[in-house]
Asks: 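Here you go, one structure.
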2 protein chains.
Amino acid sequence: MSGEDSEDGDPAERRSPTIYDVAEAAGVSPSTVSRAFSRPGRVNARTAERIRDVAHDLGYRVVPLARALPVGRTSMLALVVADATNPFHFDIIRGAQDAATKAGYTVLLADTRESDLVERQALERTLPMVEGIVLASSRMSDSTIRVTAKQRPMVVLNRVVTGVPSVVTDISSGARRAIDHLRGLGHDRFTYVAGPEASWTDGMRWRELREAARGAGPKVRRIGPFPPTLEGGVEAGRALRREPTSAVVAYNDLLAIGLMGELIGHGHRVPDDFSVIGFDDIFGAQLVTPGLTTVAAPLYQVGSTAVGHLLAVLNGARPQTETPLVVPTSLIRRRSTGPHGTDPVA
Amino acid sequence: MSGEDSEDGDPAERRSPTIYDVAEAAGVSPSTVSRAFSRPGRVNARTAERIRDVAHDLGYRVVPLARALPVGRTSMLALVVADATNPFHFDIIRGAQDAATKAGYTVLLADTRESDLVERQALERTLPMVEGIVLASSRMSDSTIRVTAKQRPMVVLNRVVTGVPSVVTDISSGARRAIDHLRGLGHDRFTYVAGPEASWTDGMRWRELREAARGAGPKVRRIGPFPPTLEGGVEAGRALRREPTSAVVAYNDLLAIGLMGELIGHGHRVPDDFSVIGFDDIFGAQLVTPGLTTVAAPLYQVGSTAVGHLLAVLNGARPQTETPLVVPTSLIRRRSTGPHGTDPVA
DNA sequence: CAACATATGGCAACTTCTTGCCGGGCCCGT
DNA sequence: ACGGGCCCGGCAAGAAGTTGCCATATGTTG
């Protein structure tokens, strides 16, 4: 009376084999198959090998989803970046990716296009699937971040949110190096070209530069804020030319590059008329003419450190919420900085 | 003797609510809750609303994994790129990302670091979790790709594999435009700087360039292969200087940029001594001095087209395996090309 | 050789959600 | 007024694994 499905031997409709199929073929119970894969040692070595052979013959592969359900471990991490097309994120992505892969984790990438709404939606969607989150250049408020961090282990990058572990670059020593370099070249006055107001990093960079310049150092001035893009740099260039200083430090490389372009486009020479320093050493900093002197951040390391800490937390370590994890910076000297023009060196 | 866990009422250990909790609180059965969320219309509007309210109060959220298990739909796509730090991929990633998100899909990114072994492992791991795959710049053999394509819907980028849908840029018209441009500037002889031998794109570019140059066109020569990186470009520059031609077309922008750097570093002028054209218009092509003339590919569109087709296939459309989907290219004229030096124009 | 410890496999319950089928209540047509 | 359909909610059987607990078989020890 019931509909009779002929399902025997239809090759087109074979679904992928399960542990039950393997179990039957190997003459053991499904639980033994399960253990043969997920609990090495728990099952007799010979039995295990036989099971693996049978499984291989059948083309069996564990469905991670089904495994994840009972144990609650998806082996996935979310990496949320504000802009996947910003070279700043490239190495972070790869660093995170590598560290995750090495630990058997898969990364789920979300590009939020600089929008905190999109960012929230992305989190909404990915959060239940992942075990942990890395937030790079988040555009959300501290409090939203803290709320989210309660639901899953989280690490934020280049930003400090109390109560949430973070990875930042050593801005302080980077700033000092930049100032020392400039001073060594005879500059006694420089301009800081500020990035977005909401950026934690921007505030820090300005603060540390001022700090480093205190005392015997050069005088500092600040213009901005400007959007941290090439276009922002062009804007900044115009502003700078109205009140020039012989040296300028930009919030980031993109801004610095845009700025240099504008200056050179208006007949100024870099570094003869203006010495320019950026931050981050992104792809492109060494391509422009002249090559950009910049405070390099080991972006790859930022990504891998973040994932490393996240994984540690997932394995029971206490999240480091007191002080941020800091990765070292270094000054890369290229051609965009030179001796102060009013004092032509021999 | 055993450690006593007090777990009652411990707020830290509450697991997230399930449809059962919601069902109980709302006084309906779990299946009704399930339907209230996944089968709109199937359940009475008032009941549905009540359920949603209760669910919201409880902070319930569907666990996509658990949903995926019975229906076999994970709403995830894998995007496999050869090198996540290559600017070539940035816009592809974002294009894919956007298209996927718009359709409610999440993308899982895998960086294979130019290794076909890593690529295979990445596929191994991600394949069972995703509904479809986009392969950008795969380093695997055609046959391996075909085998994988049997397991999941797949689209390959910038490569044609018979039997597998693909998205490619319009190389032929791009090549023609490049040649016409060069000819218009008076060049009657140029060098093609080849990329990796295994690259399908490289073969095509060379073929189409030669084709476009046939007849009244300029004479063409080919050097290489070189790795498609800045360093490869430096190498290529050395080779070119041994047997110069006034114009050169490089496999991609990275190579072109490296090449220009080498030439300029050795006292040659671009475009006065050498006109240089690249392919792709990656980030950085407009940054270098002189700005690089290049055959631009709408990389964002490549990514979104690929995902678009993939989603169509998942929704039952027939995969387009006969002819590749092609996106248009255009020539972006910048400062790296100029009139042939032996014929100084007024 | 008996008593106990250990290794190994099986049973069945559990993870969260979906869905085919069933049935009670209500409305409608005749 | 009564039978036939709809509408809507519930039951229970999956989807593919994991794992606590138990039952053997085997090994070890006194």
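Worth saying up front: this structure is predicted, and the values here are computed from it rather than measured. Lettering follows sequence order; numbering is per chain, from 1.
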Asks: Nearest to the side chain of A:Ser38, heavy atoms from C-beta on, is which of D:dA16, C:dG10, D:dT18?
Replies: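 Shortest atom-to-atom distance from the side chain points to D:dT18.
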Asks: Considering only side-chain heavy atoms of A:Leu69, which listed nucleotide, C:dT16, D:dT18, D:dG10, is closest?
Replies: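 The answer is C:dT16, which lies nearest to the side chain.
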Asks: CD1 of A:Ile19 versus C1' of C:dG9: gap in Å, rounded?
Replies: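 Going from CD1 in A:Ile19 over to C1' in C:dG9 covers 14 Å.
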Asks: Rounded to the nearest 0.5 Å, what separates atom CZ in B:Arg50 from atom CZ in B:Arg52?
Replies: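 These two atoms lie 12.0 Å from each other.
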Asks: Tell me which nucleotide among D:dA16, D:dG10, D:dC8 gets nearest to the side chain of B:Asn44.
Replies: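 Looking only at side-chain atoms, B:Asn44 lies closest to D:dC8.
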Asks: Over how many whole Å does the gap from B:Glu49 atom CD to D:dG9 atom P extend?
Replies: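 It works out to 13 Å between those atoms.
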Asks: From the list D:dT19, D:dC8, C:dT19, which nucleotide is the closest neighbour of the side chain of A:Ser34?
Replies: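 From the listed options, D:dT19 comes nearest.
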Asks: Students often get this wrong, so: under 4.0 angstrom with heavy atoms, is B:Tyr20 touching a base, only sugar-phosphate, or nothing?
Replies: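 The answer is base, as B:Tyr20 lies within the cut-off (heavy atoms under 4.0 Å) of a base atom.
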Asks: Just call it for B:Val33: base, sugar-phosphate, or nothing, with non-hydrogen atoms closer than 4.0 Å on any strand.
Replies: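 The answer is nothing, as B:Val33 stays clear of every strand by at least 4.0 Å.
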Asks: Answer with yes or no whether the side chains of A:Arg125 and B:Ser75 bring together a donor and an acceptor at under 3.5 Å.
Replies: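 No.
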Asks: When we call it a touch if two heavy atoms are under 4.0 Å apart, what does B:Tyr60 touch: a base, just sugar-phosphate, or nothing?
Replies: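 The residue B:Tyr60 makes sugar-phosphate contact but no base contact.
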Asks: Choose from D:dC21, C:dC11, D:dG10 the nucleotide whose nearest atom is closest to any side-chain atom of A:Arg42.
Replies: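 Of the candidates, D:dC21 comes closest.
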Asks: Using whole Å, report how far CZ of A:Arg61 lies from C1' of D:dG17.
Replies: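 To the nearest whole Å, that distance equals 16 Å.
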Asks: Whole Å only: how far is the CZ atom of A:Arg73 from the C1' atom of D:dG17?
Replies: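 About 14 Å, once rounded to whole Å.
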Asks: Give a yes/no answer on whether the side chain of A:Thr18 brings an N or O atom under 4.0 Å of OP1 or OP2 in D:dA16.
Replies: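 So the side-chain polar atoms of A:Thr18 never come under 4.0 Å of the phosphate oxygens OP1 or OP2 of D:dA16.
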Asks: If we ignore angles and hydrogens, is there a donor and acceptor under 3.5 Å between the side chains of B:Thr112 and B:Ser115?
Replies: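 There is no such pair (donor and acceptor under 3.5 Å, judged by atom type) between the side chains of B:Thr112 and B:Ser115.
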Asks: Could you check how far CD1 of B:Ile51 sits from C1' of D:dG10, rounded to whole Å?
Replies: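 Spelled out: CD1 on B:Ile51 to C1' on D:dG10 is 12 Å.
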Asks: Check the phosphate of D:dT19 against A:Ser31, side-chain N and O only, distance under 4.0 Å to OP1 or OP2. Yes or no?
Replies: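 A:Ser31 to D:dT19 OP1/OP2: no side-chain N or O under 4.0 Å.
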Asks: Please walk me through it: do B:Thr321 and B:Val164 pass side-chain contact (heavy atoms from CB on, under 4.5 Å)?
Replies: CA-CA 5 Å; B:Thr321 54; B:Val164 182; 5.8 Å; no
Asks: Hey, does the side chain of A:Thr32 come within less than 4.0 Å of C:dG9's phosphate (OP1/OP2), counting only N and O?
Replies: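 Indeed not, no polar side-chain atom of A:Thr32 lies that close.
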Asks: Kindly say whether, by distance alone, the side chain of B:Arg46 makes a donor-acceptor pair under 3.5 Å with the base of D:dG9?
Replies: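 Such a pair does not exist between side chain and base.
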Asks: Starting from P on C:dC21, measure out to CZ on B:Arg39 and report it in whole angstrom.
Replies: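 In whole Å, C:dC21 P lies 14 Å from B:Arg39 CZ.
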Asks: So, the side chain of B:Thr144 versus the backbone of B:Met140: is there a donor-acceptor pair under 3.5 Å, distance only?
Replies: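 Not a single qualifying donor-acceptor pair exists.
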Asks: Where each residue is assigned the nucleotide of DNA chain D containing its nearest heavy atom, which of B:Arg35 and B:Ala66 is assigned the position nearer the 5′ end?
Replies: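 The answer here is B:Arg35.
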Asks: For C:dT8 and A:Thr47 - does any side-chain N or O of the residue sit under 4.0 Å from the phosphate oxygens OP1/OP2?
Replies: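 False: A:Thr47 side-chain N/O out of range (4.0 Å or more) of C:dT8 OP1/OP2.
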